[in-house]
Amino acid sequence: MCQFSHLHCHTQFSLLDGAAAADKLAAKAKKYDMPAIAITDHGNMFGVPNFVNAAQREGVKPIIGCEYYVTPVTMNDRNNKTRYHQVLLAKNMTGYHNLAKLTSMGYVDGMYYKPRIDKDVLEKYSEGLICTTCCLQSEVNQTILKEGEAKARKVFEWYLDLFGEDYYIELQRHGLRDQDICNEVLIRWAKEYNVKMICTNDSHYVDKQDSEAHDILLALQTNADINDPNRFRFTDDNNRLNNEFYLKTPDEMKELFKDVPESLDNTNEIVDKVEDIKLSSDLLLPHYQVPQQFVDMNDYLRHVTYEGARKRYKELTSEIIERIDRELDIIRDMNFPGYFLIVQEFTTEARNRGVYVGPGRGSAAGSVVAYCVGITNIDPMRYELLFERFLNPERVSPPDIDIDFD
């Protein structure tokens, strides 16, 4: 959840909290001539597509990242609740794939209160990534504060050894004493280890005046009484509402870090390192492994369809055969046989396991093929439903079969 600001080229990277803020965030970046902006949501990349589209519409370079939860133990440990924040940015497509891999592993393998990763998988999927010392909740900063500089050095050196020239010291100033303590150490280390500094600002909302609205949303999100003095909120050292967590302008960042101007300049280097990552691509269609005796997915789908048709209909009239063949031809020409085969497999398996599956709704109920292979249980012939509402070669679009499971 970091913002990086540059003095001369007016570059900023910033957190996007929710896809709805993407347009406002990108618009502000453009307004202040920031050529680049980044997303680093906590533990997930769900907002990336909307963010990238919004930035590109404004002519701002989108940089894709994530602020992970890193556990000091292994991901499968369900006893230790300790977790640290760690920002990673994709330098290229390999880095983007590694971000996606780490995010998925956090949810599938590391979920314990939060989607976590550990250092072993971080080391394995570190290629193409840029790393920083991150915010106050990072392992480096928490070790400085709680265990001292000597132990924190070992943590810092582990990350430096792994990321090398792609590792940056990150400075933040939100008026917090703990940040001042960490910054004093980090600035010394920057000179000692010859590691470049960048200055950042946690951005949880776009403008400064949004802080109260953000505070109310936090109370709602945590189901807390707005007047509860002990609830989770963004406060300063005197426990007052801290309104510094917004997307700051280049001039504001210049003033805030005027004593370390090199930290402003170093943002350029990160922006230059990051390649243009194009997320748009041709539709990735599923491949279904068919039994050996069949030529391909089209051949197998035809077989499964006619097997089902003979069970569904007492007699295969010329009208039914013509309808089936026409649908199969369209499915073949639009290259969607794998989609039908996979959907029919998991709906069939669900029913075999005693899971109730809906009879079918939406335009997919107009497909005789879907009816014959067991995806739906509504006969389109009986109710004169149109297949063209589902798949139409004149308007190429992927099939969308809505499935209701118990």
Side-chain angles (χ1 to χ4, degrees), residues 1-6 9-68 85 87-100 102-104 115 128-130 132 135 198-211 213-214 217-218 221 234 243-253 267-268 270-284 397-398:
M1 291 185 172
C2 299
Q3 162 182 288
F4 303 69
S5 178
H6 182 257
C9 74
H10 296 168
T11 304
Q12 287 202 14
F13 304 166
S14 169
L15 161 77
L16 168 64
D17 253 356
D23 290 339
K24 289 183 179 179
L25 194 61
K28 184 170 183 178
K30 181 181 180 180
K31 178 181 178 181
Y32 288 96
D33 298 321
M34 307 174 198
I37 193 165
I39 181 171
T40 54
D41 281 347
H42 274 170
N44 75 82
M45 296 169 65
F46 305 145
V48 166
N50 285 314
F51 167 82
V52 169
N53 291 336
Q56 289 176 339
R57 281 195 300 270
E58 297 290 353
V60 178
K61 182 178 183 179
I63 295 176
I64 300 170
C66 181
E67 187 165 352
Y68 292 93
H85 294 188
V87 163
L88 299 173
L89 304 172
K91 189 165 62 169
N92 47 37
M93 187 55 85
T94 298
Y96 172 74
H97 287 155
N98 281 334
L99 286 183
L102 290 169
T103 303
S104 296
L129 297 179
I130 295 170
T132 77
C135 63
I198 56 173
C199 58
T200 79
N201 195 78
D202 255 354
S203 304
H204 291 257
Y205 36 91
V206 178
D207 298 309
K208 191 168 188 173
Q209 61 265 30
D210 297 332
S211 61
H214 175 259
L217 287 174
L218 279 181
Q221 180 184 348
F234 286 25
N243 60 4
E244 296 298 320
F245 294 88
Y246 64 97
L247 181 63
K248 293 187 174 176
T249 67
D251 285 344
E252 288 175 316
M253 294 296 285
T267 323
N268 261 338
I270 293 181
V271 175
D272 291 340
K273 277 184 178 183
V274 173
E275 300 175 6
D276 288 327
I277 298 174
K278 302 193 184 305
L279 299 186
S280 59
S281 64
D282 294 334
L283 182 65
L284 297 176
S397 59

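Sequence positions, counted from 1, serve as the residue numbers for this chain. Reckoned from all heavy atoms, side chains included, excluding hydrogens, waters and symmetry mates.
The nearest pair of heavy atoms linking Met45 to Gly65 is CG-O, 4.4 Å. Taking each heavy atom of Glu244 and Asn201 in turn, the nearest pair found is O-ND2, 3.0 Å. Residue Phe51 comes nearest to Ala22 through the heavy atom pair CA-CB, 4.1 Å, listed as atom of the first residue, atom of the second, then distance. Between Ala26 and Val60, the closest heavy-atom pair is O-CG2, 4.3 Å. Scanning both residues, Ile277 and Ala90, for their nearest heavy atoms gives CD1-CB, 3.8 Å.
A donor-acceptor pair is defined here as one N or O able to donate and one able to accept, closer than 3.5 Å; no such pair exists between the side chain of Glu58 and the backbone of Ala55. No donor-acceptor pair closer than 3.5 Å links the side chain of Lys61 to the backbone N or O of Asp276. Asp207 places no side-chain N or O within donor-acceptor distance of the main-chain N or O of Gln209, the cut-off being under 3.5 Å. Between the side chain of Asp41 and the main chain of Ile39, no donor-acceptor pair closer than 3.5 Å is present. No donor-acceptor distance shorter than 3.5 angstrom exists from the side chain of Lys208 to the backbone of Tyr246, with no hydrogens or angles considered. Looking at Thr132, its side chain never comes within 3.5 Å of a backbone N or O of Ile130 through a donor-acceptor pair.
Two residues are said to be in side-chain contact when any heavy atoms from C-beta on lie closer than 4.5 Å; Tyr205 and Ser211 meet this criterion. When side chains are defined from C-beta on, Thr200 counts as touching Ile198, because their heavy atoms get closer than 4.5 Å. Taking the side chain as every heavy atom from C-beta outward, Leu102 and Leu129 approach each other to under 4.5 Å. At least one side-chain heavy atom of Asp23 sits under 4.5 Å from a side-chain heavy atom of Arg57.
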Derivation of the side-chain contact (heavy atoms from CB on, under 4.5 Å) call for Lys91 and Ile270
CA-CA 8 Å; Lys91 189 165 62 169; Ile270 293 181; over 6 Å; no
Could you walk me through whether Lys248 and Tyr32 pass the side-chain contact (heavy atoms from CB on, under 4.5 Å) test, one step at a time?
CA-CA 10 Å; Lys248 293 187 174 176; Tyr32 288 96; over 6 Å; no
Might you work through the side-chain contact (heavy atoms from CB on, under 4.5 Å) test for Tyr68 and Leu99, ending with a clear yes or no?
CA-CA 9 Å; Tyr68 292 93; Leu99 286 183; 3.3 Å; yes
How far apart are the C-alpha atoms of Ile64 and Leu279, what are their side-chain angles, what is the distance that settles it, and do they pass the side-chain contact (heavy atoms from CB on, under 4.5 Å) test?
CA-CA 11 Å; Ile64 300 170; Leu279 299 186; 4.1 Å; yes
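For the ring pair (Phe, Tyr, Trp, His ring centres under 6.0 Å) test, no residue two or more places apart in sequence or in another chain qualifies with Tyr96.
Atoms CD1 and CD, from Ile63 and Glu275 in turn, are 12.0 Å apart once rounded to the nearest 0.5 Å. Between His42 atom NE2 and His85 atom NE2 the span is 4.5 Å, to the nearest 0.5 Å.
Aromatic ring centres of Phe234 and His204 lie closer together than 6.0 Å.
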